[in-house]
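Inspection log for the structure reproduced underneath, given as structure tokens.
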Amino acid sequence: MRGAPCANGPIPRWLRFVLILDRCGSAAYVGAGFFFAPVLAVLSPWPTLTAVCWVIIGLAGLWLGLLGIAMATGLAMVLRAGVEIPEDYWRSIIDYPTISRPGVSTHLDSRPASV
């Protein structure tokens, strides 16, 4: 089963969606860790509430694991097809800045401030 053809070959349509979900989910999981650590400390006297928090953490981790498997499967399909994923595809997933670094001169006659 092949994915949607791209300019450079078959890339599964669902791969971009999985990559975006994995990126956002990982960021949210790390951010939620800063929230759940103090919550678990406060809720430690109540084992039922602590267990509910651990179930939520575990389900979120399981979801990220399943996304990782789907991501690895999609990338393996692309690799097996012998296709290189173009730079534009990656830039559509990860919002790279398009401007050059500020403060960097492109003039040939420029010199460092220390000289």
Side-chain angles (χ1 to χ4, degrees):
M1 181 170 145
R2 300 281 179 184
C6 176
N8 293 342
I11 297 176
R13 291 181 190 172
W14 52 266
L15 182 59
R16 183 174 187 278
F17 180 69
V18 168
L19 289 169
I20 291 171
L21 276 181
D22 185 66
R23 179 175 176 250
C24 295
S26 296
Y29 194 75
V30 170
F34 291 106
F35 168 75
F36 271 109
V39 168
L40 286 170
V42 169
L43 295 179
S44 63
W46 299 282
T48 305
L49 293 176
T50 304
V52 168
C53 286
W54 279 115
V55 167
I56 292 170
I57 293 168
L59 289 175
L62 178 64
W63 174 248
L64 284 176
L66 293 174
L67 283 175
I69 291 170
M71 181 174 54
T73 302
L75 292 174
M77 290 169 60
V78 171
L79 182 64
R80 186 169 185 218
V83 176
E84 183 177 338
I85 298 177
E87 182 73 20
D88 294 340
Y89 186 84
W90 293 115
R91 288 188 180 273
S92 71
I93 295 167
I94 300 170
D95 189 22
Y96 288 114
T98 56
I99 58 172
S100 64
R101 293 186 332 202
V104 175
S105 176
T106 57
H107 298 301
L108 295 176
D109 60 345
S110 65
R111 58 189 174 116
S114 60
V115 176

(message) Quick check: is Leu66 connected to Leu75 through a chain of hydrophobic side chains (ILVMFWY, heavy atoms under 4.5 Å apart)?
(response) no
Quiz: residues 39-64 side-chain donor-acceptor pairs under 3.5 angstrom, not counting sequence neighbours:
{"from": "Ser44", "atom 1": "OG", "to": "Ala41", "atom 2": "O", "distance (Å)": "3.0"}
{"from": "Thr50", "atom 1": "OG1", "to": "Leu43", "atom 2": "O", "distance (Å)": "2.7"}
{"from": "Thr50", "atom 1": "OG1", "to": "Trp46", "atom 2": "O", "distance (Å)": "3.0"}

(message) Let me confirm one number: the CD1-CG distance from Ile85 to Leu79, rounded to the nearest 0.5 Å.
(response) 9.0 Å
(request) Heavy atoms only: give me the nearest Asp22-Met71 pair and the separation to one decimal. (result) OD2-CE, 3.5 Å
(message) Same cluster or not: Val83 versus Trp14, using hydrophobic residues (I, L, V, M, F, W, Y) connected whenever any side-chain heavy atoms lie under 4.5 Å apart?
(response) yes
(request) Look at the side-chain heavy atoms of Ile, Leu, Val, Met, Phe, Trp and Tyr, link any pair under 4.5 Å apart, and say whether Val18 and Ile69 land in one connected group. (result) no
(request) Using side-chain hydrogen bond (donor to acceptor under 3.5 Å, both in side chains) as the criterion, list what pairs up with Thr73, not counting sequence neighbours. (result) none
(message) For residues Ile20 and Ile11: do they belong to one hydrophobic cluster (side chain heavy atoms under 4.5 Å, members Ile, Leu, Val, Met, Phe, Trp, Tyr)?
(response) yes
(message) Set out, in order, the CA-CA distance, both residues' side-chain angles and the distance that settles side-chain contact (heavy atoms from CB on, under 4.5 Å) for Leu19 and Tyr89, then state yes or no.
(response) CA-CA 11 Å; Leu19 289 169; Tyr89 186 84; 4.1 Å; yes
